[in-house]
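Below you'll find the structure, written out as structure tokens, and then a few comments.
Each residue takes its place number in the sequence, starting with 1. The model shown is predicted, which means the values in this text are computed figures rather than measured ones.
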Amino acid sequence: MVCNKHEMLKRLSKKYIWWKTADDTVTTPELIIAQVMNIGDYVDVQAMAAQIGDEILRDVLAHAKPGWFSERSWSYWHYRLGIADTDHVPPLPRRRFD
């Protein structure tokens, strides 16, 4: 059983951010959290949400970078966290080429 947030994020990073080392990814916990929110399985999502809390999940959504969420996940989390109604979800973050 994972005993703290750092260990939990390290474990999740090995599973959901396989292209980087766990030591590299724990320096950006918001990326790990977003990746689990976006593609995590039910058990991992529920365990992570219970351990870190809805406020951190809301913060990750508020500061999400382009490409972190699919449209489906973006809508789901806004609804699940009480940020928006299903028909009033804000647009996904977009890349800008100025």
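Linking ILVMFWY residues whenever their side-chain heavy atoms come closer than 4.5 Å, directly or via other members, leaves Y42 and W77 in distinct clusters. M8 and V43 are assigned to two separate hydrophobic clusters, defined by single-linkage of ILVMFWY side chains at heavy-atom distances under 4.5 Å.
The two residues N4 and Q51 come nearest to each other via the heavy atoms C-NE2, 3.3 Å. Nearest heavy-atom pair, W74 versus P90, reported as atom, atom and distance to 0.1 Å: NE1-O, 2.7 Å. Closest non-hydrogen pair, A64 versus P93, comes out as O-CG, 3.5 Å. Pairing each heavy atom of L92 with each of S70, the nearest pair is CD2-O, 4.0 Å. The two residues L9 and P29 have their closest heavy-atom pair at CD1-CB, 3.6 Å. Contact detail for I32 and L12: the closest heavy-atom pair is CG2-CB, 4.1 Å.
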(request) Applying salt bridge (charged side-chain N to carboxylate O under 4.0 Å, His left out), run through E7 and K10 and close with a yes or a no. (result) CA-CA 5 Å; E7 289 176 14; K10 197 169 186 177; over 6 Å; no
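Put simply, CG on D24 and CG on L31 are 11.5 Å apart, with the number rounded to the nearest 0.5 Å. Going from atom CZ of R80 over to atom CG of L57 covers 6.5 Å, rounded to the nearest 0.5 Å. To the nearest 0.5 Å, the span separating CE on M37 from CG on L61 amounts to 4.0 Å.
One N or O on the side chain of H63 and one on the backbone of D59 form a donor-acceptor pair closer than 3.5 Å. Checked by atom type and distance alone, the side chain of R58 never pairs as donor or acceptor with a backbone atom of I83 at under 3.5 Å.
A 4.5 Å side-chain heavy-atom check between V89 and Y79 finds every atom pair outside the cut-off. No side-chain heavy atom of T25 sits less than 4.5 Å from a side-chain heavy atom of Q35. Contact of the M48 side chain with the I56 side chain is not registered, since no non-hydrogen atoms from C-beta on lie closer than 4.5 Å. Using a 4.5 Å heavy-atom threshold, the side chains of D41 and Y16 count as touching.
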